[in-house]
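Inspection log for the structure reproduced underneath, given as structure tokens.
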Amino acid sequence: MGSASSGLHTRPRGAVRRRFDQLLREVAKFGAVGGAGLLVNLVTFNLVRHATGLQVVRASVIATVVAIVFNYVGFRYFTYRDRDRGGRTREMTLFVLFSAVGLVIENGVLYVATYGFGWDSQLQSNVFKFVGIGIATLFRFWSYRTWVFRTLPAEEPATGTEPGTQPRTRAVLDEPEAQTGAELAPARVRAG
């Protein structure tokens with residue numbers, strides 16, 4: 001039982017390394033857009049709070065909505081530009097839904113700090129706004145990458161076929177609106 005290695009260990013390690021590198025690049029891009037969004041959020045929060053005299057949490061909600069719009073553009077066209085672009089209505093609906101949950105998390109922390117503990121100085125408001133953003137960011141990263149900006153399915157070669165032969169297929173129903181009646185009958189069931 002020596003230390004002879006087989007080629008089996010190099011392939012999975014390479015695949016794991018490749019997936020880790022992809023995740024690292026995704027986290028870096030998410031962080032770049034998120035960092036810019038954080039700046040937009042905090043600047044908007046402080047401007048709205050001091051220019052309008054709104055209550056802390058209301059000013060924070062406005063700032064969060066502005067940052068959500070900014071972040072969508074950054075995520076769609078920078079972080080996740082290589083992801084599935086089909087179903088924009090679905091993508092936008094899920095983005096808004098998960099962003100709303102993030103908004104509740106982010107502003108819930110600020111609400112508890114402000115109205116639960118009475119910590120409402122400018123510094124305290126900014127610290128708890130930042131903490132809320134941090135907690136909500138973890139949720140947003142998971143939800144956006146899992147549900148909103150889905151990866152495209154990998155194209156897998158047909159298995160179990162020999163070179164030069166067609167793979168066996170099961171019965172397949174083709175889309176009727178794409179064919180005429182004459183083409184539809186023989187195309188309904190294909191046997192291998």
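Start at 1 with the first residue, then count along the sequence. Because only heavy atoms are used, hydrogens play no part in the values below, and waters and symmetry mates are left out as well, while side chains stay in.
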Does the pair D21/R17 count as a salt bridge with the N-to-O cut at 4.0 Å?
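R17 and D21: salt-bridged.
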Between [X] and [Y], is there a donor-acceptor pair closer than 3.5 Å when you use the side chain of the first and the backbone of the second?
{"X": "Q124", "Y": "S121", "result": "yes"}
{"X": "T114", "Y": "D120", "result": "no"}
{"X": "T146", "Y": "S143", "result": "no"}
{"X": "N126", "Y": "Q122", "result": "yes"}
{"X": "R83", "Y": "F149", "result": "yes"}
{"X": "R76", "Y": "Y80", "result": "yes"}

Can a side-chain donor-acceptor contact be found between [Y] and [X] if the only test is distance below 3.5 angstrom?
{"X": "Y111", "Y": "S60", "answer": "no"}
{"X": "Y144", "Y": "E91", "answer": "no"}
{"X": "K129", "Y": "T64", "answer": "yes"}

Counting only heavy atoms not in [X] (residues, nucleotides, ligands), do more than 12 fall under 6.0 Å from its [atom1]?
{"X": "R58", "atom1": "CZ", "value": "no"}
{"X": "F130", "atom1": "CZ", "value": "no"}
{"X": "R88", "atom1": "CZ", "value": "yes"}

Nearest 0.5 Å, what's the [atom1]-[atom2] distance between [X] and [Y]?
{"X": "L123", "Y": "F128", "atom1": "CG", "atom2": "CZ", "value": "9.5 Å"}
{"X": "W142", "Y": "T137", "atom1": "CH2", "atom2": "OG1", "value": "15.0 Å"}
{"X": "R19", "Y": "L24", "atom1": "CZ", "atom2": "CG", "value": "14.0 Å"}

Would you please classify the geometry between the F75 ring and the F30 ring as parallel, tilted or perpendicular, with 30° and 60° separating the classes?
parallel
Could you check whether the rings of F117 and W119 sit parallel, tilted or perpendicular, using 30° and 60° as the cut-offs?
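Geometry flag for W119 against F117: parallel rings.
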Atom of [X], atom of [Y] and distance for their closest heavy-atom approach:
{"X": "N71", "Y": "V33", "answer": "OD1-O, 3.5 Å"}
{"X": "V27", "Y": "F141", "answer": "CG2-CZ, 3.6 Å"}
{"X": "N41", "Y": "I133", "answer": "ND2-CD1, 3.7 Å"}
{"X": "N107", "Y": "V61", "answer": "OD1-N, 3.8 Å"}
{"X": "R140", "Y": "S99", "answer": "NH2-O, 3.8 Å"}
{"X": "G37", "Y": "A67", "answer": "O-CB, 3.7 Å"}

Look at the side-chain heavy atoms of Ile, Leu, Val, Met, Phe, Trp and Tyr, link any pair under 4.5 Å apart, and say whether [X] and [Y] land in one connected group.
{"X": "F139", "Y": "L110", "value": "yes"}
{"X": "L47", "Y": "F70", "value": "no"}
{"X": "V101", "Y": "V109", "value": "yes"}
{"X": "L103", "Y": "L94", "value": "yes"}
{"X": "L23", "Y": "V148", "value": "yes"}

Below 4.5 Å, heavy atoms only, C-beta onward: do F20 and R25 meet side chain to side chain?
no
Evaluate side chain to side chain contact (heavy atoms under 4.5 Å, CB included) for F45 paired with V56, printing each intermediate quantity in order.
CA-CA 8 Å; F45 169 64; V56 175; 3.9 Å; yes
